[in-house]
Every structure is written in structure tokens, then in C-alpha cells.
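Only one structure is covered here, and it is reproduced in the block below.
Here is the naming used below: chain letters follow the sequence lines, and residue numbers restart at 1 for every chain. Just so you know, these numbers use all the heavy atoms, side chains as well, and skip hydrogens, waters and symmetry mates.
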Amino acid sequence: MNENLFTSFITPTMVGIPIVPLIIMFPSILFPSPSRLIDNRLVSIQQWLVRLTSKQMLSIHSHKGQTWALMLMSLILFIGSTNLLGLLPHSFTPTTQLSMNLGMAIPLWAGTVATGFRYKTKASLAHFLPQGTPSPLIPMLVIIETISLFIQPVALAVRLTANITAGHLLIHLIGGATLTLTSISTITAFITFTVLVLLTILEFAVALIQAYVFTLLVSLYLHDNT
Amino acid sequence: MASVVPVKEKKLMDVKLGELPSWILMRDFTPKGTAGAFQRGYYRYHNKYVNVKRGGVAMVLAAYMLFNYCPCYKELKHQRLCKYH
């Protein structure tokens, strides 16, 4: 059973060829670009959602931070669509792989830090020492703040990986339990099935929330540094 | 058998079976040509099924699900209903 549980997270290969790049690029064809004044239903809904999200997300930034609008919006669309597509049966979710999440988190975080150091060096360095600390505590606090700064990208990546992986694993486990219980006792199977339905609703929410949290945190780091 | 219109300019449905090898050989296999072929195929599908007033992506998602079944088949073979595993 152990080996069975984690086989949905291995990189999928078809006839020996890894098809992971195809799966990563697949969500892009679900977002057609608007070509007319009034498009079809799909494009209109996506346009409305993107406008709503971008207004909400970019309202807190200064002029310099708003140059990151394209990056943040494509980030939230990519993570959201990839997570949601992973809820289809048998599909592979690229965001369950720590390698990919680190690849997204580290460059973005490093970009925000580099922007801060380049344009507002004193203010960025001042982040390491909160206001009003008593003098004897200063060295320790600087060390703690440095550690907390360097942990930010790792936390971003691991948060996303762990949440999505845990959700998928729970669905596998409870689904397997429901199937096995149908032959033993129908009522328990029904209760387990209800749990499965609730869990799936939770997973839909988590898929979107994780995308939002990732992007929100990146934008917060950006706000600190612009 | 030579036809009135040169083979090069015909669409695939108009090409006769005997002329098929020469039609395939004259296709543009440069990267730009291959990319153009993919783009044209995508937009044919998109404008016929998605870009209409009441179209949708349900068919695309169903095909994606079936496509993802193929790599999983090896592990799922053991979960068939049989008397002895």
C-alpha cells in the first residue's frame, strides 16, 4: 500500500518519454487571449476575474511595485489553474514537486530582495532591525531577522508543496477506504463517502487559496522592498 | 498521373492517394513551418468549438483526463476486478 500511495506523484512517462513539459504547458491553452470587443463566455469570465484580482492585488503597491503586475497575475493564474487541473482523476500536478515550487519561489523572492537593495539600500537593511528594540538585544535580533529573511523562499515553496500533496494523499486514502468499506458495512462507507465529498470541496478551495497566498506573499515582499 | 493544379498548392483533402508521398515531402519542416502547422491546427479547433457564443472547454478537459490515463495504466493494471490478484 505504501508504494501504491505515492505512485501518483512520480513524473509521468509515456513510452519512456517524460511528458512533464507538456503537462506544465497545458493550462496555457485554457486561457484564450481576448480578440474581440465582446468575446465568448469563457474569455469574458476570465477577463472579469483577472481584472478583479489585479485591482485587488495591486492596489497596495507604489508605482514601482506595479511594474510587477504581469508577473504576479500570471503567477496566480498558473498556480491556480495547475492546482485545479490536478483535481481531475489520474492527472499529474506539477506543483506537488518541490523542485518546481523552489524554482518559482527562489527567483521571485530574490528579485524582490535585489530590487530593495538596489533602489533603497538603507531602507532594506533597516528591515533587519525592528523599531524600538533595547540595545543589548540588537545582535541577536539581527541574526534572527536574517534567518527569517532567508527562510522566506523555502517557506513559500514548501507551503505550496505540502498543502497540495497532503490534499491529494488524503483524497487517495479516503477514497480507498470508502471502496474497501462498501463490501464490509454500507453505512460506514456512506459516512466515509460524505467525508470524501467534503474533502473534495475543501481541495477546490485549497487549490485557489494556495495560489492566492503564494502570490500575496510575493507581493508583500515586493511592497517591503519598493 | 499529373493533375491540372500543381500538387504543391492543394489542401490535404484534395490530394489523390498516388500524389501523397510528394505532398508530404513538400511540406515545410523548418521550425517556423512546424510551429505554423501547430498554430493553424490549434486555431481550427479553437474557432470551431471554443470561440463560439456558447462553446466551452469541457471536451478539452475530458481529453486531458483520458490522455493522463495512459501513463497511469501500468500502476492501475493491478486494481482490476479479478478473483485472484
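- Few gaps surround CZ on A:F117; more than 12 heavy atoms of other groups in view lie less than 6.0 Å from it.
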Please test B:N68 against A:L88 for side-chain contact (heavy atoms from CB on, under 4.5 Å), starting from the C-alpha separation and ending with a verdict. CA-CA 10 Å; B:N68 269 318; A:L88 289 171; over 6 Å; no
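- By the neighbour-count criterion of 12 heavy atoms within 6.0 Å, atom CZ of A:F9 is densely surrounded, having more than that number from other residues, nucleotides or ligands.
- Crowding of A:L52 atom CG: a count of heavy atoms from other residues, nucleotides or ligands under 6.0 Å exceeding 12.
- The shortest distance between side-chain heavy atoms of B:V57 and A:I29 does not fall below 4.5 Å.
- Of all the heavy atoms in B:C72 and A:H90, the pair that sits closest is SG-O, 3.5 Å.
- Considering all non-hydrogen atoms of both residues, A:F92 and B:Y64 come closest at O-OH, 4.0 Å.
- Atoms CZ and CD1, on B:F67 and A:I19 in that order, are 4.0 Å from each other to the nearest 0.5 Å.
- By the 6.0 Å contact criterion, CD on A:Q47 is enclosed, its count of non-hydrogen atoms from other residues, nucleotides or ligands being greater than 12.
- A 6.0 Å sphere centred on CD1 of A:I187 holds no more than 12 heavy atoms belonging to other residues, nucleotides or ligands.
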